[in-house]
Visitor: 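Sharing a structure, written as structure tokens. Questions coming.
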Amino acid sequence: MNIRELVQMLLMQFFICYTCTMIAAIFFCRLNTPPIERLPVDFLWQAVIFSLCAVLPGVVYLSRERLTRRQLWMRTAAHTVLLEIVLLTAGRIIGMYQGIAGFLLFAVTILVVDLLVRLFTYLGDRTTAVAINQQLEERRKGQKK
């Protein structure tokens with residue numbers, strides 16, 4: 001993966017992480033007793049910083065050589081562990097959770113959001129691959145004529 005592809009992937013993941021962070025905040029505000037009706041404006045900046053922290057572990061995928069399937073799985077596992085560590089730490093500093101129950105719920109939420117980011121990234125890459133394959137097929141048909 002070259003630098004341009006990495007930056008493009010990190011930007012896309014940032015916006016997905018930010019969106020999921022805001023959705024999770026709404027969800028947690030409704031679960032709170034009593035429900036939180038309003039969030040301070042500072043929360044928007046905290047969500048931006050939190051989303052940037054979520055994207056940082058993505059540098060484990062920075063590589064100039066082609067990775068084997070095993071290497072990719074190892075980097076994905078390392079990314080998930082780093083993501084949990086970074087976001088649990090950032091969430092604690094920002095005050096996004098408290099106590100053991102909050103810690104566990106937050107850790108599970110991080111995993112769910114990570115899976116959603118991976119799913120949306122995969123779907124976007126798949127759409128791009130389908131478009132490229134269609135163009136290649138059209139070129140092949142054009143060359144055969």
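For reference, positions follow the sequence shown, starting with 1.
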Visitor: Rounded to the nearest 0.5 Å, how far does OH of Y122 lie from OG1 of T127?
Guide: 9.5 Å
Visitor: Same cluster for L82 and L72 if Ile/Leu/Val/Met/Phe/Trp/Tyr side chains link at under 4.5 Å?
Guide: yes
Visitor: Distance-only, no hydrogens or angles: does the Q135 side chain make a donor-acceptor pair with backbone N or O of I132 under 3.5 Å?
Guide: no
Visitor: Which atoms form the tightest heavy-atom contact between S51 and T21, and what is the distance?
Guide: OG-OG1, 3.7 Å
Visitor: Would a 4.5 Å heavy-atom cut-off, applied to side chains only, mark T80 and L111 as touching?
Guide: yes
Visitor: Check whether I94 and V48 end up in the same hydrophobic cluster, where Ile, Leu, Val, Met, Phe, Trp and Tyr are linked by side-chain heavy atoms less than 4.5 Å apart.
Guide: yes
Visitor: Out of curiosity, I85 CD1 to C53 SG, how far, rounded to the nearest 0.5 Å?
Guide: 13.5 Å
Visitor: Report yes or no: do F15 and L87 belong to one cluster of Ile/Leu/Val/Met/Phe/Trp/Tyr joined by side chain heavy-atom distances under 4.5 Å?
Guide: yes
Visitor: Using 0.5 Å steps for rounding, measure from the OG1 atom of T76 to the CD atom of Q71.
Guide: 11.5 Å
Visitor: For the atom pair CD (E138) and NZ (K141), what is the distance rounded to the nearest 0.5 Å?
Guide: 7.5 Å
Visitor: For residues L56 and L10: do they belong to one hydrophobic cluster (side chain heavy atoms under 4.5 Å, members Ile, Leu, Val, Met, Phe, Trp, Tyr)?
Guide: no
Visitor: Are side-chain heavy atoms of H79 and R118 found at a separation under 4.5 Å?
Guide: yes
Visitor: Working note: I16 + L116, criterion side chain to side chain contact (heavy atoms under 4.5 Å, CB included); need CA distance, chi angles, decisive distance, verdict.
Guide: CA-CA 9 Å; I16 293 169; L116 287 173; 5.8 Å; no
Visitor: Quick one: closest heavy-atom pair of A107 and E84, and the distance?
Guide: O-OE2, 3.1 Å
Visitor: Quick check on the hydrophobic clustering: are F103 and F50 connected, directly or via other members, by side-chain heavy-atom contacts under 4.5 Å?
Guide: yes
Visitor: How many angstroms lie between atom CD1 of I49 and atom CD1 of I93, to the nearest 0.5 angstrom?
Guide: 10.5 Å
Visitor: Hey, mind stepping through Y18 and L52 against side chain to side chain contact (heavy atoms under 4.5 Å, CB included) and telling me if it holds?
Guide: CA-CA 8 Å; Y18 185 79; L52 286 173; over 6 Å; no
Visitor: Does any N or O in the side chain of Y97 come within less than 3.5 Å of the main-chain N or O of L88, such that one atom is a donor and the other an acceptor?
Guide: yes
Visitor: Could you tell me whether the side chain of N133 and the main chain of A129 form a donor-acceptor pair under 3.5 Å?
Guide: yes
Visitor: Is the shortest side-chain heavy-atom distance between V7 and R4 below 4.5 Å?
Guide: no
Visitor: Answer yes or no: does atom CD1 of I100 have more than 12 heavy-atom neighbours from other residues, nucleotides or ligands under 6.0 Å?
Guide: no
Visitor: Tell me whether Q8 at atom CD has more than 12 heavy atoms from other residues, nucleotides or ligands lying less than 6.0 Å away.
Guide: no
Visitor: If you define the side chain from C-beta out and look only at heavy atoms, does anything of F106 sit under 4.5 Å from Q98?
Guide: no
